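Everything numeric in this text was worked out from a predicted model, so none of it was measured.
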Amino acid sequence: MTGLDLAALASAAEQELRAAGRPEHAQHEQAYLKSSLEHIGASVPVIRALAKRIRRERPDLDVSTSFALAEELWAKPVHERRMLAVVLLGLYAGSMTPADLDRVEPLLRDSRTWALVDGLAGDVAATIVLRHPDEPGVDATVRRWGRDDDFWVRRSALLAHLQTLGRNGEFHGWSRFCELADAMLDEREFFIRKAIGWVLREAGKRRPERVVDFLAPRVSRVSGVTVREAVRYLDPADRDALMAAYRRR
């Protein structure tokens with residue numbers, strides 16, 4: 001590690017976020033997210049700009065110290081500090097290795113809201129999965145997440161495929177995603193149903209036939225949330241046929 005004073009850096013970042021905060025935004029966001037954290041009302045663009053500036057001005061930060069800083073930010077129950085941690089990790093995710101999924105996991109488990117989970121899973125974890133799609137450690141971790149008792153962790157297993165299912169027409173993680181999604185199709189949890197549909201929707205932008213092949217034999221099991229999301233980018237004929245089959249079930 002470097003001689004960085006991570007506590008001071010986190011404190012300075014919080015002061016800047018508080019200066020940019022708007023009480024009315026904080027109140028609205030806390031109510032919308034049903035959050036038990038303190039909200040100070042700094043917007044997402046402000047948080048993203050601060051994260052980029054920290055990275056630009058602190059070249060001594062690397063993957064290891066970015067995790068250490070993220071953990072320092074996370075230690076205080078302030079929503080915007082944790083959002084900053086998520087965005088910062090996303091900036092360094094391209095240099096992370098499969099072993100770093102083990103450092104992402106505790107943050108995922110402590111998130112308890114899509115506002116934090118989705119960045120950690122769909123950006124940070126998904127970038128690791130994208131760069132190391134065939135690593136046994138990646139496969140084992142994502143499959144374990146898919147069997148977890150915590151539905152946020154199961155959601156993360158699905159969203160970890162967001163980036164692997166659409167690059168250059170190659171779906172390195174497609175069979176794994178299909179297995180995980182099939183095992184979760186009967187769940188009633190909204191955030192699971194939405195995540196399955198979200199990944200299918202993104203896949204449909206480049207390989208719609210794969211989405212049709214997944215949905216057609218399972219249309220009697222999918223939820224309305226899932227199917228409406230999944231068919232968004234399909235050919236109109238396929239979309240209409242799937243929706244008609246869904247309504248007839």
Side-chain angles (χ1 to χ4, degrees), residues 1 4 6 9-10 13 33 35 37 44 47-48 50-52 54-55 58 61-165 167 172-173 176-177 180-181 184 189 191-192 194-196 198-199 202:
M1 183 140 338
L4 279 169
L6 297 177
L9 185 53
L33 295 176
S35 174
L37 300 173
V44 172
I47 294 169
R48 287 176 176 161
L50 176 56
K52 290 177 181 178
I54 290 173
R55 186 185 189 190
R58 303 307 303 249
L61 278 173
D62 56 16
V63 168
S64 180
T65 50
S66 70
F67 269 110
L69 177 56
E71 289 157 6
E72 184 70 40
L73 287 163
W74 203 275
K76 193 170 179 179
V78 176
H79 175 77
E80 288 81 357
R81 282 177 61 118
R82 295 186 176 188
M83 277 292 299
L84 179 60
V86 173
V87 176
L88 274 169
L89 290 177
L91 295 178
Y92 291 89
S95 300
M96 292 180 185
T97 69
D100 290 313
L101 290 173
D102 291 337
R103 300 193 72 173
V104 174
E105 185 172 337
L107 304 179
L108 279 173
R109 291 188 179 280
D110 197 39
S111 291
R112 297 186 291 275
T113 173
W114 62 266
L116 298 173
V117 165
D118 291 5
L120 288 169
D123 188 3
V124 183
T127 297
I128 297 172
V129 174
L130 171 66
R131 291 176 60 83
H132 307 277
D134 302 316
E135 285 281 344
V138 167
D139 185 71
T141 296
V142 174
R143 288 182 184 278
R144 176 172 56 78
W145 287 0
R147 299 188 300 270
D148 201 89
D149 291 338
D150 186 337
F151 74 82
W152 290 118
V153 179
R154 294 198 302 280
R155 177 178 170 91
S156 298
L158 298 166
L159 297 186
H161 295 85
L162 270 176
Q163 298 186 36
T164 59
L165 298 181
R167 299 303 175 100
H172 295 288
R176 179 176 58 222
F177 167 76
L180 292 171
M184 298 186 214
E189 172 55 55
F191 288 104
I192 294 296
K194 186 73 171 181
I196 296 171
W198 183 2
V199 177
E202 292 305 302

How far apart are the closest heavy atoms of [X] and [Y], and which atoms are they?
{"X": "H132", "Y": "M96", "value": "NE2-O, 3.2 Å"}
{"X": "A68", "Y": "L6", "value": "CB-CD1, 3.4 Å"}
{"X": "A181", "Y": "I196", "value": "O-CD1, 3.8 Å"}

Let me check something: any side-chain donor-acceptor pairs from residues 121-128 under 3.5 Å, sequence neighbours excluded? List them with distances.
| from | atom 1 | to | atom 2 | distance (Å) |
| --- | --- | --- | --- | --- |
| T127 | OG1 | D123 | O | 2.6 |
| T127 | OG1 | Q163 | NE2 | 3.2 |

[X] vs [Y] side-chain heavy atoms within contact, under 4.5 Å:
{"X": "F67", "Y": "V104", "result": "yes"}
{"X": "E135", "Y": "T97", "result": "no"}
{"X": "R82", "Y": "P77", "result": "yes"}
{"X": "L120", "Y": "S111", "result": "yes"}

Q. Out of V153, L180, D150, L158, which one pairs with W145 under the side chain to side chain contact (heavy atoms under 4.5 Å, CB included) rule?
A. V153

Test of understanding: with side-chain hydrogen bond (donor to acceptor under 3.5 Å, both in side chains), list the residues that count as partners of [X], not counting sequence neighbours.
{"X": "S95", "answer": "none"}
{"X": "W74", "answer": "D110"}
{"X": "R55", "answer": "none"}
{"X": "K52", "answer": "none"}

Q: Scan residues 78-104 for pairs that pass ring-ring contact (aromatic ring centres under 6.0 Å, His included), counting only residues two or more places apart or in two chains.
A: H39-H79

List the residues meeting side chain to side chain contact (heavy atoms under 4.5 Å, CB included) with [X], not counting sequence neighbours, and say none if there are none.
{"X": "L50", "result": "A13, E16, L17, R53, I54, L84"}
{"X": "V87", "result": "I47, R48, A51"}
{"X": "P106", "result": "none"}
{"X": "A10", "result": "L69, E72, L73, R81"}

Q. How far does CG of L37 sit from OG1 of T113, to the nearest 0.5 angstrom?
A. 8.5 Å

Q. Rounded to the nearest 0.5 Å, how far does CZ of R58 lie from CG of L88?
A. 12.0 Å

(Q) What verdict does the side-chain contact (heavy atoms from CB on, under 4.5 Å) test give for L107 and L89, after you've listed the backbone C-alpha separation in whole Å, the side-chain angles of each residue and the deciding distance to 0.1 Å? (A) CA-CA 11 Å; L107 304 179; L89 290 177; 3.7 Å; yes

Q. Got a sec, which pairs hit salt bridge (Lys or Arg N to Asp or Glu O under 4.0 Å) with one end in residues 85-104, sequence neighbours left out?
A. E71-R103

Q: Please check if the side chain of H161 supplies one atom and the backbone of V129 the other of a donor-acceptor pair under 3.5 Å.
A: no

Q.
Filter on side chain to side chain donor-acceptor pair (under 3.5 Å), then keep only pairs touching residues 151-160, sequence neighbours left out; what's left?
A. D118-R155, R154-E187

